[in-house]
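Worksheet: one structure, shown below.
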Protein chains: 2
Amino acid sequence: MGLVQDSTAWDVVDRLRAALLDGRFAHGSKLKPDTLRTSLGCSASAVREALFRLSTEGLVQFHPQRGFRVPQRDIELLHDITQVRIMIEEQGACRSIRNADVAWEARLTAAHHKLSHIESRVQRTEPTDEVFQLWVRGEQEFHQTLIGNCGSQILVDMHLAIYRRFRQQMVTSDRDFTHLPVNRDQHLEILDAALARDEDGVCRRIRAHLGRHLVRPIPEREAVPA
Amino acid sequence: MGLVQDSTAWDVVDRLRAALLDGRFAHGSKLKPDTLRTSLGCSASAVREALFRLSTEGLVQFHPQRGFRVPQRDIELLHDITQVRIMIEEQGACRSIRNADVAWEARLTAAHHKLSHIESRVQRTEPTDEVFQLWVRGEQEFHQTLIGNCGSQILVDMHLAIYRRFRQQMVTSDRDFTHLPVNRDQHLEILDAALARDEDGVCRRIRAHLGRHLVRPIPEREAVPA
DNA sequence: ATTCGACGTATTTTCGAGATTTTGTTGAAA
DNA sequence: TTTCAACAAAATCTCGAAAATACGTCGAAT
């Protein structure tokens, strides 16, 4: 008993992903199957297969004959990720609004309520590591619910993937909670716009919410030249 | 000499993907590593790893303890894929236009010229299987070039992935070439709009080009309710 | 005729060993 | 001191065998 962990291959993937997203490995560090084997309680082959899978998700870099690495922190990459995330989240939110019904509004309100509760708790207490994880899950659930009514499974999956890459880039750096009050207001504004079924408003507020991670502003669409 | 194929694991992935996209496996058919081993000239383990990777790309379905399958033809899935592809291609084309320079215009013109050449050839001759493959590559290159100047590697990668899933759904059905004359015109119109740097026009024409694969029209964005 | 269970076959999953390649170290020559 | 080659150590890649699981067949009981 105790530390039993006869982990199947899928638990290994999830466990590794969780470790990556919690920042338990430094950016750029090497991921050696033979080393990770012990802490994961499985063979090196299983770890290798899991890392392979994670590399296709963009959470791990793979170079043939040179093994696996945690992607470096890269301000340009974060810019790129953010821009794509804005695109997906705008589209997803708008389509969710078009399909809006009471059930979705209830789910979204509930998700925001939970998130808001955590956020106000964080402002009072010392930012524990555990509380941070709680906040991440709350934030993820809110954004996922926001686009979750869009009717497109592919869009939802893509958003989850890009959100994870976003979190991986942010880990260890966003833990200062400086921006949290602003964040809190922005989440509320997004909720209000969504409930008001104001598509343009939601898009504007999503851009405002994520915009601080952009290196340079996204150029506006210009009018057609004559 | 001859039938040498000391295939590394990456060639196996590419080879399998090519086979999938050429329609060499029927939709819904089972993909057994031990069977594919002989035709690919490698071990079953290598095939398994390749199939695993392809499953994360959406080109293969994986069910634990039940092996791998080619995704079924699904009109709803094609709708979903098309809708996401439209989103990516619109965004990518617009950003490409904003970064437009002579070099990109040259690449796009060249890609269209090649595609146009193939298309006119197809209209004259009997639609061979080989010509069809040629056309697919030409079409892919044109659309990839269209968005290739957007400056976002992630967007380009996502487009490639979704384009492949699109092709996999279309394979064996779109080979009638009935729509080819229309297609030909639409490609030209997209090129013209791109060279004119008309973002709205490009978006409209992309929607018109891909719209026939949608089960139902994409709802327009409505005005904000008072 | 149908349902259910037991058994044999086929497939999937896991694992560690051997071959190959990269990486790090030492030492001699310029 | 720097450069380079040879050697040693470590990591990666591939593979087939063994264990676990699912699938299909046959036969008996209802």
Side-chain angles (χ1 to χ4, degrees), chain A residues 1-20 24-72 168, chain B residues 1-20 24-72 168:
Chain A
M1 31 169 142
L3 51 89
V4 179
Q5 30 183 346
D6 56 305
S7 44
T8 173
W10 291 91
D11 292 338
V12 175
V13 175
D14 293 338
R15 209 103 58 83
L16 270 175
R17 189 178 16 237
L20 258 345
R24 264 174 275 172
F25 304 106
H27 291 281
S29 64
K30 215 155 187 311
L31 296 167
K32 282 178 275 195
D34 195 61
T35 305
L36 274 53
R37 176 175 54 133
T38 58
S39 63
L40 286 164
C42 65
S43 72
S45 308
V47 178
R48 180 184 158 80
E49 198 170 84
L51 289 171
F52 235 104
R53 158 124 205 197
L54 290 172
S55 77
T56 70
E57 294 183 19
L59 296 176
V60 164
Q61 278 184 336
F62 171 73
H63 299 281
Q65 310 283 5
R66 299 203 177 177
F68 302 91
R69 279 186 175 282
V70 182
Q72 282 287 0
Q168 184 180 47
Chain B
M1 38 169 162
L3 49 90
V4 179
Q5 30 182 348
D6 56 303
S7 43
T8 172
W10 291 92
D11 292 339
V12 176
V13 175
D14 292 337
R15 210 103 59 85
L16 269 175
R17 189 176 18 235
L20 258 345
R24 264 175 274 174
F25 304 107
H27 291 282
S29 63
K30 214 156 189 306
L31 296 167
K32 284 178 277 196
D34 194 60
T35 306
L36 274 53
R37 176 176 54 129
T38 58
S39 63
L40 286 165
C42 66
S43 73
S45 308
V47 178
R48 181 183 160 80
E49 198 171 84
L51 289 171
F52 239 107
R53 158 124 205 198
L54 290 171
S55 76
T56 69
E57 295 183 18
L59 295 177
V60 164
Q61 278 185 337
F62 171 73
H63 298 282
Q65 311 282 4
R66 299 205 177 175
F68 302 91
R69 279 187 175 281
V70 182
Q72 282 287 359
Q168 183 180 49

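Every chain is numbered from 1, with letters handed out A, B, ... down the list of sequences.
- Between A/L16 and the choices A/D11, A/L36, A/V60, the side-chain contact (heavy atoms from CB on, under 4.5 Å) rule is met once, by A/L36.
- Residue B/R53 forms a side-chain contact (heavy atoms from CB on, under 4.5 Å) with just one option from B/L59, B/V12, B/V13, and that option is B/V13.
- For C/dT21, the OP1/OP2 oxygens have no side-chain nitrogen or oxygen of A/R66 closer than 4.0 Å.
- In this structure, CG of B/D34 is placed 19 Å from P of D/dA22, rounded to the nearest angstrom.
- Comparing atom distances between the A/P33 side chain and each of D/dT12, D/dG16, C/dC15 picks out D/dT12 as nearest.
- Using the six-membered ring where Trp is involved, A/F68 and A/F52 have ring planes that are perpendicular, over 60° apart on the 30 and 60° scheme.
- Take the nearest nucleotide of DNA chain C for A/R37 and for B/P64: the residue whose nucleotide is more 5' is B/P64.
- Across all strands shown, B/F52 has no heavy atoms under 4.0 Å from either base or sugar-phosphate atoms.
- At whole-Å resolution of the value, CD in A/E49 and P in D/dT14 are 13 Å apart.
- Distances were taken from every side-chain heavy atom of A/R48 (C-beta onward) to each of D/dT12, C/dT14, C/dC15; the shortest belongs to D/dT12.
- In this structure, A/R69 places its CZ atom 9 Å from P of C/dT23, rounding to the nearest Å.
- The heavy-atom pair separating A/P33 from A/A44 by the smallest distance is CB-O, 3.7 Å.
- Within the 4.0 Å cut-off from OP1 or OP2 of D/dC23, not a single side-chain nitrogen or oxygen of B/K32 is found.
- Each of A/A44 and A/Q65 was assigned the nucleotide of DNA chain C with the nearest heavy atom; the assignment lying further toward the 5' end belongs to A/A44.
- Residue A/L51 contributes atom CG, which lies 15 Å from atom P of D/dA11 at whole-angstrom precision.
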